[in-house]
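Letters go in sequence order (proteins before strands), and every chain restarts at 1.
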2 protein chains.
Amino acid sequence: MDTIARTPEDIGTALRNARKAARLTQKGLADRSGIWQETISKIETGTGSAKLDTIFDLCAALDLELHVSPRSKGANIALEDIL
Amino acid sequence: MDTIARTPEDIGTALRNARKAARLTQKGLADRSGIWQETISKIETGTGSAKLDTIFDLCAALDLELHVSPRSKGANIALEDIL
DNA sequence: ATACTTTATGATCCATACATCATTAACATA
DNA sequence: TATGTTAATGATGTATGGATCATAAAGTAT
């Protein structure tokens, strides 16, 4: 499973999916990441933004890593891009 | 070119490499991303952390995207992990 | 419907990222 | 060396992320 992210919201949903795949509650993830449940909720729902530090803390707890790569042309185009 | 990032510093160096590959100065990237040169400098050098918003602004200006994926076992292991 | 668990929301406080301006250091190059 | 460009540093003010506590809303049972 590999998710493309171009916005903080994309990261939020990717993290939520990974958390659920790991069968963790927000509280469970909070415990193992040191990030508060309330903060996780805000990140997953895209309410406000987040710090990179926090994202990496969550990635570490979920055994995820980020890959920085050239934008893939034509893939995952948002509706606004073509309308 | 695809860089694995597990820390804010990794992101900083990936962005710097991408900027140089695009033959842009920090000021040039600042102009097209809306992020100030001073801020770009701090992100690239890993001085302090950054907001996700800012990272995505820079990614957009450099035609980069992030991929969230399961940690690749055995690859890119830090010294601290095995010492 | 009731009880329990999980997630979302709201307020406050503190830390800090970013904008902004000024300046210095580094690095080219004439 | 002197000049010009690029990158880094420092200070200040504003905006906001995250910790923390409390609570409400949603979801999932029994």
Side-chain angles (χ1 to χ4, degrees), chain A residues 1 3-71, chain B residues 1 3-71:
Chain A
M1 213 213 281
T3 310
I4 296 178
R6 290 178 184 165
T7 67
E9 297 78 54
D10 291 342
I11 294 282
T13 58
L15 288 177
R16 165 162 291 183
N17 290 336
R19 173 177 63 81
K20 289 192 170 169
R23 303 190 165 287
L24 281 171
T25 67
Q26 289 184 346
K27 186 64 175 56
L29 177 56
D31 289 341
R32 75 157 67 174
S33 68
I35 305 300
W36 287 67
Q37 176 266 318
E38 295 87 337
T39 299
I40 294 173
S41 169
K42 282 171 193 162
I43 290 173
E44 286 186 351
T45 57
T47 307
S49 189
K51 278 198 287 183
L52 244 197
D53 286 338
T54 306
I55 300 302
F56 276 115
D57 284 348
L58 294 175
C59 282
L62 290 168
D63 269 295
L64 298 173
E65 61 192 8
L66 300 184
H67 291 236
V68 184
S69 40
R71 201 184 314 194
Chain B
M1 214 213 279
T3 311
I4 295 178
R6 290 178 184 164
T7 67
E9 297 78 53
D10 291 343
I11 295 282
T13 58
L15 289 176
R16 165 162 291 183
N17 291 337
R19 173 176 64 80
K20 290 192 170 169
R23 302 191 165 286
L24 281 171
T25 68
Q26 288 183 349
K27 185 63 176 56
L29 178 56
D31 289 340
R32 74 157 68 172
S33 68
I35 305 300
W36 287 67
Q37 176 267 318
E38 295 87 336
T39 299
I40 293 173
S41 170
K42 282 171 193 162
I43 290 173
E44 285 186 353
T45 57
T47 308
S49 188
K51 278 200 289 183
L52 243 198
D53 286 338
T54 307
I55 301 302
F56 276 114
D57 285 346
L58 295 175
C59 282
L62 290 168
D63 269 295
L64 297 173
E65 62 192 10
L66 300 184
H67 290 236
V68 184
S69 41
R71 202 182 319 198

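Atom CG in A/D53 sits roughly 11 Å away from atom C1' in C/dA17 (whole-Å rounding). Here D/dT16 presents its P atom at 16 Å from CG of B/L52, a figure rounded to the nearest Å. Distance B/D31 CG to D/dT6 C1': 13 Å, rounded to the nearest Å.
Under the 4.0 Å criterion applied to side-chain N and carboxylate O atoms, B/E65 and A/R6 are assigned as salt-bridge partners.
The minimum heavy-atom distance linking B/T45 with B/T47 is given by the pair OG1-OG1, 3.0 Å. Scanning both residues, B/D53 and A/P8, for their nearest heavy atoms gives OD1-CG, 3.2 Å. The shortest non-hydrogen separation linking A/A50 to A/I55 is CB-CD1, 4.0 Å. Across all their heavy atoms, B/Q37 and B/A30 have their closest contact at N-CB, 3.7 Å.
Looking at A/Q26 and A/E44, their side chains do bring a donor and an acceptor atom within 3.5 Å of each other. A donor atom on one side chain and an acceptor atom on the other are found under 3.5 Å apart for B/S69 and A/H67. For the residue pair B/D57 / B/S33, no side-chain donor-acceptor distance below 3.5 Å is found, with atom types taken as modelled.
The stretch residues 12-28 of chain B has no heavy atom under 4.0 Å from DNA chain C, so no residue of it qualifies as close. Of the residues in residues 39-47 of chain A, those with a non-hydrogen atom less than 4.0 angstrom from any atom of DNA chain C are A/S41, A/T45.
Here the side chains of B/L52 and A/K51 are not in contact, with every heavy-atom distance at 4.5 Å or above. Within the 4.5 Å cutoff, side-chain heavy atoms of A/L15 are placed close to those of A/I43.
Looking at which nucleotide of DNA chain D each of B/E38 and A/I55 is closest to, the 5′-most match is held by B/E38.
One can find a donor-acceptor pair under 3.5 Å joining the base of D/dA8 and the side-chain atoms of B/Q37.
Residue B/W36 has a polar side-chain atom (N or O) positioned under 4.0 Å from OP1 or OP2 of C/dT20. A sub-4.0 Å separation between OP1 or OP2 of C/dA17 and a side-chain N or O of B/S49 is absent.
Two end axes, each from the C1' atoms of five base pairs, can be drawn for the helix from C/dA1-D/dT30 to C/dA30-D/dT1; they diverge by 60°, to 10 degrees.
Looking at A/T39, its side chain never comes within 3.5 Å of a backbone N or O of A/I35 through a donor-acceptor pair.
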